[in-house]
Peer 1: 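Sharing a structure below in structure tokens format, with a few things to ask.
Note that the structure is a prediction, hence the values are computed from the model and not measured.
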There are 2 protein chains.
Amino acid sequence: MSAPKLAKVIDIHALKNACSNCSLREMCLPTGLSHDEIEKLDQMVYTRKRVKRGDSVYRSEEKFGSLYALRSGFFKTTLVMEDGRDQVTGFHMAGDMLGMDGIGSDQHSCNAVALEDSEVCVIPYARLEELSRELYVLQQHFHKVMSREIVREHGVMLLLGSMRAEERLAAFLLNLSQRFASRGYSPSEFNLRMTREEIGSYLGLKLETVSRTFSKFQEDGLIGVQQKNIRILDSNGLKSVLGRDPG
Amino acid sequence: MSAPKLAKVIDIHALKNACSNCSLREMCLPTGLSHDEIEKLDQMVYTRKRVKRGDSVYRSEEKFGSLYALRSGFFKTTLVMEDGRDQVTGFHMAGDMLGMDGIGSDQHSCNAVALEDSEVCVIPYARLEELSRELYVLQQHFHKVMSREIVREHGVMLLLGSMRAEERLAAFLLNLSQRFASRGYSPSEFNLRMTREEIGSYLGLKLETVSRTFSKFQEDGLIGVQQKNIRILDSNGLKSVLGRDPG
DNA sequence: GAATTGGTTTGATCCACATCAACATTTTCA
DNA sequence: TGAAAATGTTGATGTGGATCAAACCAATTC
């Protein structure tokens, strides 16, 4: 694992009205805000960072100062144990918010690593708190974003604690599919940005098990796999893998 | 599993200055607030509920309206899958905040069940949002509480995804011990409020494995177990179980 | 276009934990 | 108080996924 590198900082005042013009405004912070209110956001979100594949926006133990709205690209967040074992705690795509783990202790508690060249909007946290005291809708939306992160993690706990390998992978694929769909991409064909090992880490499985399970799903006609390219051929079939008797 | 029962509602205007006089004010919402500010909280938190063992403060799918500060007692939160499998997602004790899962979708996504007769303070969520726009310290503290819940869940994901049975149970005991300690109880002797099955569900293990592992720890002189009573005899020993080579 | 590198697939074997089963102990409540 | 129900312990056995090992494939790099 390489040392963290400095990501490039871009002044987006040049790109007049950052949030106002952003295609993600319906699924990001501006959700529900009026035009005038979004202009206030624009003043707060005044930098973007390019993050190259493999680099991180923040690392565990680092001082917390900002949240990051993922504008384009793909991230994983990871935790590392003292003995080196590490665990992927999430995969994140455009519109997702990163960094909320840092608020509670004023320092980050995981690493946010780009799985492809990405771009994030930097949201200085103090400014966000300030503005959300002023704009009710912003406050409300921010709370929802945090709450949903809690619920998402509940779901992962259910997956890790109660599901078998096939169920985990099916749930994973269906979740990805649904998230791509809600961003306007095809729910039935997409490219994985992460390796089998990263999928395994997220799902509490070894990479060989992930690979074998992909092959099994393919044999069963549920999906088509070719390296990182996934086609979902029978999404109902995948759904029925969940909660099915083993065997 | 019995149907939810109505918990008893108590008017705490009678108990003048609810939060002001509460012994938990240092670890609950009032943290960091001035005397005058706490008095504003008092106006917001105007009911308490007694919740009997086995009853719940809220259940999955129920409309969300309030958060609950756990004043005394002990809770578990659980998720239930369609096929009936269920997963304990957390154990909660005095000073903890329950219900934040409901904010994102305006309905609860898990069940909060009392493991012993308990008492919660009802915090109407709309009032909390309002007041936290007014009181910076309250806003800040509330955000920290949510963030810490996210971090806690990260920890559980690490546990479920990367640890072996002994490590999980050791981590569980150390966590409980530390939480009792921070509440002024003995970190080295306490009574479990949950069954082996509930521990197992939380840790992604079967109850037999939990029981065997307790016995093993006892043989190794790490803990003393007598049913629900736990004495931690060698907390460093327990710590060294974490991250140790299998065997 | 050969060689290297990082990732993936597949087979053979192993083991940690699940499952099944029997019994012991504690709690509940008639 | 005593019978039934719930919970906990322990042993014997089974199995899903881990581990070990060997190719294979795709993308870089020289």
Peer 1: Please determine which of B:Arg53, B:Arg193, B:Lys52 meets the side-chain hydrogen bond (donor to acceptor under 3.5 Å, both in side chains) test together with B:Glu116.
Peer 2: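 Of the listed residues B:Arg53, B:Arg193, B:Lys52, the side-chain hydrogen bond (donor to acceptor under 3.5 Å, both in side chains) partner of B:Glu116 is B:Arg193.
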Peer 1: One pair to check against salt bridge (charged side-chain N to carboxylate O under 4.0 Å, His left out): A:Glu167 and B:Arg85. What are the steps and the verdict?
Peer 2: CA-CA 13 Å; A:Glu167 295 180 294; B:Arg85 275 179 288 181; 2.5 Å; yes
Peer 1: What is the distance, rounded to the nearest whole Å, between atom CZ of B:Arg85 and atom C1' of C:dA18?
Peer 2: 14 Å
Peer 1: Does the side chain of B:Ser215 get closer than 4.0 angstrom to OP1 or OP2 of D:dT9 through an N or O atom?
Peer 2: no
Peer 1: From CD of B:Glu208 over to C1' of D:dT10, roughly how many Å is that when rounded to an integer?
Peer 2: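 After rounding, the reported distance stands at 10 Å.
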Peer 1: Just compare C:dT9, D:dA12, D:dT9 and give me whichever is closest to any side-chain atom of A:Arg196.
Peer 2: C:dT9
Peer 1: Need to verify one output field. Residue with the more 5' nearest nucleotide on DNA chain D, A:Val210 or A:Gln227?
Peer 2: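 On the 5' side of the pair lies A:Val210.
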Peer 1: Is the distance from OP1 or OP2 of C:dG7 to the nearest side-chain N or O of A:Lys228 less than 4.0 Å?
Peer 2: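 No, because none of the side-chain N or O atoms of A:Lys228 sits under 4.0 Å from OP1 or OP2 of C:dG7.
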Peer 1: Check the distance between D:dG8's P and B:Ile230's CD1 and give it to me in whole angstrom.
Peer 2: 11 Å
Peer 1: Using a heavy-atom cut-off of under 4.0 Å over every strand shown, decide if A:Ser211 touches base, sugar-phosphate, or nothing.
Peer 2: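 Since a base atom lies under 4.0 Å of A:Ser211, the category is base.
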Peer 1: Please report the distance, rounded to the nearest Å, between CG in A:Asn229 and C1' in D:dC25.
Peer 2: 16 Å
Peer 1: Does A:Thr209 make a side-chain N or O approach to OP1 or OP2 of D:dA18 shorter than 4.0 Å?
Peer 2: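 For D:dA18, OP1 or OP2 has a side-chain N or O of A:Thr209 closer than 4.0 Å.
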Peer 1: Anything under 30° is parallel, anything over 60° is perpendicular, the rest tilted; go ahead and classify A:Tyr185 against A:Phe180.
Peer 2: perpendicular
Peer 1: Provide, to the nearest angstrom, the distance between the CD atom belonging to A:Glu167 and the C1' atom belonging to D:dG16.
Peer 2: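 One finds 12 Å between C1' of D:dG16 and CD of A:Glu167, rounded.
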Peer 1: A:Glu198 has an atom CD; how far is it from atom P of C:dG7, in whole Å?
Peer 2: 8 Å
Peer 1: Remember a base hit wins even if backbone is also touched, and classify B:Gly204 as base, sugar-phosphate or nothing at under 4.0 Å, heavy atoms.
Peer 2: sugar-phosphate
Peer 1: Could you say whether B:Leu207 or B:Arg53 is positioned toward the 5' end of DNA chain C, judged by the nucleotide with the nearest heavy atom to each?
Peer 2: B:Leu207
Peer 1: Treating A:Ser201 as the side-chain partner and A:Val88 as the backbone partner, does any N or O pair qualify as donor plus acceptor under 3.5 Å?
Peer 2: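 Such a contact is found between A:Ser201 side chain and A:Val88 backbone.
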Peer 1: Check the distance between D:dG16's C1' and A:Lys216's NZ and give it to me in whole angstrom.
Peer 2: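 The distance from NZ of A:Lys216 to C1' of D:dG16 comes to 13 Å, rounded to the nearest Å.
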Peer 1: Might you point out which heavy atoms bring A:Met163 and A:Leu242 nearest each other, and give the distance in Å?
Peer 2: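 Heavy-atom minimum between the residues: CE-CD2, 4.2 Å.
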Peer 1: Report yes if a donor N or O on one partner sits less than 3.5 Å from an acceptor N or O on the other, where the partners are the side chain of B:Arg212 and the base of D:dG11; otherwise report no.
Peer 2: yes
Peer 1: CG of A:Asn191 versus C1' of D:dA26: gap in Å, rounded?
Peer 2: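 Going from CG in A:Asn191 over to C1' in D:dA26 covers 14 Å.
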